[in-house]
Structure formats: C-alpha cells, structure tokens
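Within every chain, numbering begins at 1; the chains are lettered A, B, ... in the order of the sequence lines, protein sequences first and strands thereafter.
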Amino acid sequence: MPELPEVQTVVDGIKPNILRRKVINFKAYTNKLRYPISRSISEKIVGNYVKNIYRRAKYIILDLNNSQSIVVHLGMSGRIIVLKADKDKKLKHTQFIIQFSKDIELQYIDPRKFGLIKVIPSNLLQESKLFVHLGPEPLSRLFNKSYLKKICNNKNTPIKSIIMNQKYVVGIGNIYASESLFLAKITPIKVCNKLTIKELSLLITSIRKVLRKSIQSGGSSISDYAMVNGKLGNYQNELEVYGREGSICREKSCQSKILRIVIAQRSTFYCPVCQK
DNA sequence: ATGATGTCCTGGGCGC
DNA sequence: TGCGCCCAGGACATCA
C-alpha cells in the first residue's frame with residue numbers, strides 16, 4: 001500500500017486525534033510483524049503523552065514526552081484507523097492497538113504482517129538501523145539535480161530502481177515511480193548514467209508534482225488502503241500508467257497502449273511512445 | 001561493493 | 001464451488 005503520500009495522509013489524519021493524548025494501554029495480537037514485537041513496548045510508552053507526530057521516509061513517528069519515540073512502518077498492507085475505544089473490539093487482522101486518553105485508540109491492521117512497530121529513544125532515531133541508511137526526502141532541497149546526477153553517474157541501473165531505492169531518495173515506491181517517470185517522459189528502463197542533467201531535473205520536479213498531488217487527494221486507495229477515518233483516498237483515479245496495462249495512453253493525441261514490464265521483480269507501467 | 005534474487009505473510013482474483 | 005496458481009503498494013538478507 002503505502003508510499004510517501006499514503007503515509008503522510010495517515011500522519012495528518014491521526015495527528016488531531018492523538019496529539020497531547022496520554023498512552024494508556026498497548027496490546028499486541030501477534031508476536032511478530034517484520035520483526036518480533038518487543039515485550040517491553042508497554043512499559044516504555046504507557047503513561048506518557050504524545051508530543052509530536054511526523055513522517056520520515058515511509059515511517060510514522062510518535063515522539064513521547066519521556067524521550068522515547070514510537071516508530072511504525074505500514075509495510076505492504078498496513079493501515080491505521082482511529083476508533084472510539086469504547087468496546088475493546090479488535091477488527092480482522094488488527095495486529096496491535098494503542099489506546100489513548102479520552103477513549104481514542106489506534107488500530108494497526110495488516111494482513112500480510114510486513115509492517116513494524118519499535119520504540120527507540122528519540123535522540124538515537126537518526127543513527128538507528130532503520131534510519132541511518134535513508135536518503136533525502138524527495139520534497140526537500142537536499143534532493144536536487146546535482147545530488148541525483150552524482151548518484152547516477154557511475155551506475156548502469158535502470159532509473160526506476162534508483163528512485164525506488166530508499167538509500168538514494170525515500171518515500172517513492174512502485175506506484176509513484178511509474179507515475180513520476182511517465183510525467184517526466186523518461187522510460188523506466190533507461191540506464192541512469194545515460195540521463196542528462198536536464199532530464200534528471202525534470203524527473204525531480206515530476207516526482208514532487210506527483211507526490212504533492214497525491215497527498216492533496218489523500219493518497220491512492222488500491223486494494224486495502226484507506227484514510228484513518230475509513231474514507232478512501234482519491235489519487236487512484238488520477239493514475240496515468242500504474243495498473244493501466246493495455247489501456248490507451250491518456251496523453252493528448254497518443255494512441256499507444258500502456259505496457260507492463262518487470263524491473264527488479266516489480267511490475268512497471270509505461271507508455272512506449274511518450275516515454276523515451 | 002554493487003546489483004539481482006529470494007523471502008517474510010496473507011488474501012484476492014483468475015482460470016480450469 | 002473449489003482448487004491451485006499468480007499477483008500484490010516494502011525492505012531486508014544473501015548470493016554472485
């Protein structure tokens with residue numbers, strides 16, 4: 001499911017519900033997501049209130065007043081919903097619940113169990129194993145053409161693999177990689193050291209445009225993603241190439257069909273006419 | 001060291 | 001209706 005726009009939508013959605021609320025209970029319904037769920041989570045978080053909520057890459061971070069941070073990743077199929085905690089009722093595939101004061105709770109729903117939850121001291125987050133290899137945020141100035149050019153210069157990897165690699169730039173997954181490359185009119189198999197600085201610059205602005213637009217739409221609801229109130233995002237209706245294999249390209253006067261190929265084991269969609 | 005491949009896990013959709 | 005197969009938005013470990 002969740003790439004940067006979806007994670008940002010979750011963060012924006014839970015923020016007004018739990019900011020300054022106190023954690024009063026933590027319950028896990030599985031002992032393992034991507035990693036084992038530590039038994040000490042409860043004692044590290046219960047009784048403390050939420051000071052700040054933000055996103056880094058595809059991680060959701062809740063800073064607590066005791067200098068601990070709750071880190072959540074949604075993996076492929078993770079969702080978070082905000083509920084009134086009146087009935088202690090777990091939904092299908094809920095893997096953990098965090099209860100807050102004033103009867104608010106977060107339920108983490110994840111059928112495939114590829115997500116994670118970890119509590120890490122706030123001041124050690126950046127150097128933690130989860131964060132230390134992360135590249136710049138795509139919406140920040142650190143992600144610019146000279147930076148990207150340097151990365152691309154001595155590699156013959158397809159450009160799509162570069163922009164999906166969290167080491168080089170974070171937040172872009174399979175959907176938005178295809179969408180950004182379409183907007184930039186660059187074919188996803190193009191070897192990255194063949195791209196000119198101009199093309200890379202256009203790719204950067206395209207990535208930003210696609211991500212910003214999707215955030216405004218509440219993300220893409222494909223299969224199981226929804227916003228924290230259960231409403232669907234809308235960006236799935238805006239997708240130009242992702243999931244449109246065999247359909248006609250939407251670019252004016254282009255009659256080509258959208259193709260699907262596999263790059264690094266992942267489905268990749270593009271227009272063979274518009275993208276060079 | 002880098003890039004390609006396999007793997008964690010479950011469910012939905014399809015063809016037979 | 002049921003079974004088996006393929007596919008899925010992520011990210012790591014492992015191997016060449």
Just wondering, do Phe143(A) and Leu148(A) contact through their side chains at under 4.5 Å, heavy atoms?
yes
Could you tell me how far dA11(C) sits from dA1(B) if I compare only their P atoms? Round to whole Å.
22 Å
Spacing of the P atoms in dC9(B) and dT14(C) (rounded, Å):
16 Å
Classify the angle between the aromatic ring planes of Phe269(A) and Tyr242(A) as parallel (below 30°), tilted (30 to 60°) or perpendicular (above 60°).
perpendicular
Counting side-chain heavy atoms from C-beta on, which of dG10(C), dC7(C), dG3(B) comes nearest to Ser267(A)?
dC7(C)
Supply the members, apart from Leu202(A), of the Ile/Leu/Val/Met/Phe/Trp/Tyr cluster built from side-chain contacts under 4.5 Å; use none for a lone residue.
none
Kindly indicate, with the supporting measurements, whether the criterion side-chain hydrogen bond (donor to acceptor under 3.5 Å, both in side chains) is fulfilled by Ser69(A) and Ser122(A).
CA-CA 5 Å; Ser69(A) 294; Ser122(A) 309; 2.8 Å; yes
Measure across Ile172(A) and Ala177(A) and return the closest heavy-atom pair with its distance rounded to 0.1 Å.
CG2-N, 3.6 Å
What is the distance, rounded to the nearest whole Å, between atom CD1 of Ile172(A) and atom C1' of dA11(C)?
15 Å
Hey, is Arg55(A) close enough to Glu137(A) for a salt bridge, meaning N to O under 4.0 Å?
yes
Measure from the side-chain heavy atoms of Thr157(A) and tell me the nearest of dG3(B), dT10(B), dG10(C).
dG3(B)
Would you mind telling me which of dG3(B), dA8(C), dG10(C) lies closest to the side-chain atoms of Tyr242(A)?
dA8(C)
What's the CE-C1' distance between Met164(A) and dA4(B), to the nearest Å?
14 Å
Any idea how Tyr235(A) and Tyr176(A) line up, ring-wise: parallel (<30°), tilted (30 to 60°), or perpendicular (>60°)?
tilted
Among the candidates dG6(B), dC12(C), dG10(C), find the nucleotide nearest to the side-chain atoms of Pro2(A).
dG10(C)
So does Lys58(A) get a side-chain nitrogen or oxygen closer than 4.0 Å to the phosphate oxygens (OP1/OP2) of dA11(C)?
yes
Per Lys32(A) side chain, nearest of listed nucleotides dC8(B), dC12(C), dA8(C)
dC8(B)
Tyr108(A) vs Asp110(A), test: side-chain hydrogen bond (donor to acceptor under 3.5 Å, both in side chains). Steps then yes/no.
CA-CA 7 Å; Tyr108(A) 176 82; Asp110(A) 187 0; 2.6 Å; yes
Quick one: label Phe269(A) by what it contacts on the DNA or RNA (base, sugar-phosphate, nothing), any heavy atom closer than 4.0 Å.
nothing
Contact under 4.0 Å: Tyr35(A) side-chain N or O vs dA13(C) OP1/OP2
no
Side chain of His93(A): nearest nucleotide among dT10(B), dG3(B), dC12(C)?
dT10(B)
Given atom CD of Glu245(A) and atom P of dA8(C), what is their separation to the nearest angstrom?
10 Å
Val71(A) and its side-chain contact (heavy atoms from CB on, under 4.5 Å) partner, picked from Val119(A), Ile117(A), Leu125(A), Leu62(A)
Leu125(A)
Ring-on-base stacking between Phe114(A) and dG10(C), under 5.5 Å between centres and under 30° between planes: is it there?
yes
Rounded to whole angstroms, how far apart are CD1 on Ile189(A) and P on dA4(B)?
13 Å
Just N and O in the side chain of Arg112(A): are any of them under 4.0 Å from OP1 or OP2 of dT7(B)?
no
Which whole-number value in Å describes the distance from Gln95(A) CD to dC9(B) C1'?
10 Å
Reckon Arg34(A) has a side-chain N or O less than 4.0 Å from the OP1 or OP2 of dC9(B)?
no
With pairs taken as Watson-Crick or G-U wobble and both distances under 3.5 angstrom, which stems of at least three consecutive pairs involve DNA chain C?
B:2-8 with C:10-16, B:10-16 with C:2-8
Nearest-Å distance, CG (Asn165(A)) to C1' (dT2(B))?
11 Å
Please work out if Lys129(A) contacts a base, only the sugar-phosphate, or nothing of the nucleic acid, heavy-atom cut-off 4.0 Å.
sugar-phosphate
Within less than 4.0 Å of OP1 or OP2 of dA11(C), is there a side-chain N or O belonging to His73(A)?
yes
Whole Å only: how far is the CD atom of Gln265(A) from the P atom of dG3(B)?
16 Å
Integer-rounded Å distance: dG10(C) C1' and Asp110(A) CG
11 Å
Check whether any side-chain nitrogen or oxygen of Gln166(A) sits under 4.0 Å from OP1 or OP2 of dG10(C), and answer yes or no.
no
